[in-house]
Amino acid sequence: MSNSRAFVSSTILLVLLYATCSSAFQSKATIFRLSRTISKATAAAVPSRIIASMSMSTNSNGNGESIQTKKVGIIGGGAAGLATARAFLRENELNQKTQYDVTVLESRDSIGGIWKYEDQTKTEKNRPMYRNLRTNLPKELMAYRELPWGSDGEASYVTHKDVLEYLEAYANKFNLLKCISFGSSVKQLTVLDDDQISLEWTTNAGENGNVETHKETFDNVCVCNGHYARPAIPRLEGLDTFHGDIIHAIEYDNAQPYAGKTVLCVGAKPSGLDISREIGLVAKHVYLSDSACDKRQTFGNVSLMPRMQSVDENGGVHFSSPRSAEEHVADDVDAIVFCSGYDYDFPFINEKSNLELQFTPGERRVQPLYEQTWHARCPSVSFIGIPHSIVPFPLCEIQAAAVVSQTRQQINGIPLPCLSDRLAAASEDAASGGPNGARVQETHNLASHQWDFCRKLAKISGDYDDEMEKFIATNKAIYDRSGKERKSMIPGGDDVYRETRFRRDDENQSYEILYSKTGTKSTV
């Protein structure tokens, strides 16, 4: 066979292999093994630059078996990034055939993401954590599976400082700091022709603050940058004519600036409920706009209002519900706090990225994603922590394990389907309006569906067993109890649900109430 014919035949064989491989993650490893079997004459006909792009870094273990080394880039050192780093490093301890060289790129000088509170009262505040925040989930539920937390009779609902200390303990226990590059701000992600991923980032070097630019290529990149950086403020008629203060919750730090004022909080999800309650302690009056409310209801100095619709020329704020003909007007509002959530944002993914990722402001939807985790077309790029209205730490832990499972030479769980099936599933998911089929903004709102989502991912990773089921079922039991107590709280009322103290009982997929505001104890 001539060199030219050998090159064409080899190229066709490799293209067919790419097209038919059941898991995109296996293509490089399979092609590498294939390239070793091509005859010397055929291999000589293939340009060296193509062979180089197909090769993996390998060496041998003590049994003489080849070991692949894969470079993994993780963007973000918050709860999702730490869980992902741990998942890859744990695999290094267990897997004799694949080893991972992990680099976590964290833009700040410490771990923790949003849980790292900084007093920004003298500067522009651009982090969602505020001074007096306590969690709205008990620590017994929030914890990673590998590092239980709580069940000690102490407060279950804790401060942001407590959460940060827990994350620091997690990072120290599993020696994660060694792979974190602090002060590293990712500027560009680019998928290369060989499906590897190039990352470009900057760091501030030395005391003089000189900026250094870095660029490396990775086999897999996990995007863990969170979704609390780009505030979402609805477009409302007349809002630009309002003469009082307008902020988003990301700018809120404490209630003191609102002492004696009348304040409107727009949005009645957890942050809106919590901020309105806190402001209500010092304000003259608080309006809380809730799209699920049909008419005004007043509790002390807090009034629950229907959806905010507009602001008139006199500064009056108009509220109404499509389920009621009645309109309400508040003409005494001094300040507006938008507790209206956040849009997904990936500033390092753009038209140069060769990734075709859509995340349109206002939609709160990222597509195309397979199982809300893998980029459907390029699954070597994954996204950890996209779902919301969930228990984030354990879900990210299970997500990360599923991602790692697909990078092994031999998949123990369920391999991802072929490209066409991934794209079809991602398209269906993006058009579904979320698990409840509500609207596009609910695409990633899992809520009560998060438990089956965790089970599915655990099956993909090969980690689903009786112990995993006990863990997930216990989380659900605590979540349901906590949510029931939280949702029974009236706007501006006493924060009694945060006084409840839990003890996990995974063996029975249950929990024990150690203390409640009423003084009762119970086992469920």
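Aromatic ring orientation, Y342 versus H248: perpendicular (interplanar angle above 60°, classes split at 30° and 60°). Ring geometry, Y166 versus W149: the interplanar angle falls under 30°, so the pair is classed parallel (tilted spans 30 to 60°).
Here the shortest heavy-atom pairing between E356 and R377 reads OE1-NE, 3.8 Å. In this structure, A376 and A426 approach most closely via the heavy-atom pair CB-CB, 3.8 Å. The heavy-atom pair separating K125 from A249 by the smallest distance is NZ-O, 4.4 Å. Residue A171 comes nearest to L82 through the heavy atom pair CB-CD2, 4.4 Å, listed as atom of the first residue, atom of the second, then distance. Of all the heavy atoms in A430 and Q367, the pair that sits closest is CB-OE1, 3.2 Å. Nearest heavy atom pair, residue A402 against residue W374, reads O-CZ2, 3.6 Å.
For K71, the NZ atom is densely surrounded, since the number of other residues' heavy atoms within 6.0 Å is greater than 12. The neighbour count for R486 CZ, taken as heavy atoms of other residues, nucleotides or ligands under 6.0 Å away, is above 12. Within a 6.0 Å radius of OH in Y228, no more than 12 heavy atoms belonging to other residues, nucleotides or ligands are found. For E237, the CD atom sits in a loose shell: 12 or fewer heavy atoms of surrounding residues, nucleotides or ligands are nearer than 6.0 Å.
A salt bridge between K470 and E467 is present, with a side-chain N of the basic residue lying under 4.0 Å from a carboxylate O of the acidic one. A salt bridge between K70 and D219 is absent, with no side-chain N of the basic residue lying under 4.0 Å from a carboxylate O of the acidic one. Using a 4.0 Å cut-off between charged side-chain N and carboxylate O, D452 and K456 make no salt bridge. For E118 and R108, the salt-bridge test passes: some basic side-chain N is under 4.0 Å from an acidic carboxylate O.
Between the H227 side chain and the D343 main chain, no donor and acceptor come within less than 3.5 Å of each other. Remark: side-chain polar atoms of T373 are paired, donor with acceptor, to backbone N or O of E371 under 3.5 angstrom. Of the possible polar contacts, none joining the S107 side chain to the G183 backbone as a donor-acceptor pair under 3.5 Å is found. Remark: side-chain polar atoms of D162 are paired, donor with acceptor, to backbone N or O of T159 under 3.5 angstrom. With hydrogens and angles ignored, the 3.5 Å screen pairs no side-chain donor or acceptor of Y117 with any backbone N or O of Y130. A distance-only check finds no donor-acceptor pair linking the side chain of Q406 to the backbone of V403 [under 3.5 Å]. At distances below 3.5 Å, not a single donor-acceptor pair connects side-chain atoms of E200 with backbone N or O atoms of V186. With hydrogens and angles disregarded, a donor-acceptor distance shorter than 3.5 Å links the side chain of S184 to the backbone of S181. Checking side-chain atoms of S353 against main-chain N and O of L189 turns up a donor-acceptor pair under 3.5 Å. Proximity of a side-chain donor or acceptor of N92 to a complementary backbone N or O of D101 within less than 3.5 Å is not detected.
Evaluated for a side-chain hydrogen bond (donor to acceptor under 3.5 Å, both in side chains) with H444, the options R364, R365, H388, Q372 yield exactly one hit, Q372.
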Check the pair E93, R90 against salt bridge (charged side-chain N to carboxylate O under 4.0 Å, His left out), reporting the backbone distance first and the verdict last.
CA-CA 5 Å; E93 302 168 5; R90 180 177 60 243; over 6 Å; no

With side-chain hydrogen bond (donor to acceptor under 3.5 Å, both in side chains) as the criterion, how do Y370 and D421 come out once you've worked through the C-alpha distance, each side chain's angles and the decisive distance to 0.1 Å?
CA-CA 9 Å; Y370 178 72; D421 288 350; over 6 Å; no

Intermediate values then yes/no, side-chain contact (heavy atoms from CB on, under 4.5 Å), F348 and Q188:
CA-CA 4 Å; F348 41 82; Q188 183 67 43; 5.5 Å; no

Steps toward salt bridge (charged side-chain N to carboxylate O under 4.0 Å, His left out) verdict (K116, E168):
CA-CA 11 Å; K116 173 69 173 178; E168 290 171 342; 5.7 Å; no

Worked verdict on N220 versus Q196 for side-chain hydrogen bond (donor to acceptor under 3.5 Å, both in side chains)
CA-CA 7 Å; N220 297 89; Q196 289 194 312; over 6 Å; no

side-chain contact (heavy atoms from CB on, under 4.5 Å) for L177 and F182? Distances and angles first, verdict last.
CA-CA 9 Å; L177 298 180; F182 292 107; 4.2 Å; yes

Using side-chain contact (heavy atoms from CB on, under 4.5 Å), reason through I197 and T190 one step at a time and then give a plain yes or no.
CA-CA 6 Å; I197 304 102; T190 306; over 6 Å; no

Test side-chain contact (heavy atoms from CB on, under 4.5 Å) on L147 and K173; report intermediate values, then the result.
CA-CA 9 Å; L147 187 61; K173 177 179 176 64; 3.6 Å; yes

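Note that OG of S382 is 10.0 Å distant from CG of L369, once rounded to the nearest 0.5 Å.
Between H214 and K187 there is no side-chain heavy-atom pair separated by less than 4.5 Å. With contacts defined as side-chain heavy-atom distances shorter than 4.5 Å, the pair Q399/P387 qualifies. Residues V221 and L199 form a side-chain contact, since some pair of their non-hydrogen atoms from C-beta on lies under 4.5 Å apart. Proximity of F453 to I398: side-chain heavy atoms (C-beta onward) are nowhere separated by under 4.5 Å. Between P138 and I478, some side-chain heavy-atom pair lies under the 4.5 Å cut-off. A heavy-atom distance below 4.5 Å is found between the side chains of F393 and L167. At a threshold of 4.5 Å between non-hydrogen side-chain atoms, the residues I180 and I111 count as touching. Here the side chains of I246 and L239 are in contact, with some heavy-atom distance below 4.5 Å.
For W115 and H160, the distance between ring centers is not under 6.0 angstrom. Under the 6.0 Å cut-off for aromatic ring centres, W451 and Y479 qualify, their centroids lying closer than that. Separation of the F346 and F383 ring centroids falls under the 6.0 Å cut-off.
Defined by atom type and a distance below 3.5 Å, a donor-acceptor pair is missing between the side-chain atoms of E91 and Y100. If you check the side chains of N126 and E251, you find no donor sitting under 3.5 Å from an acceptor.
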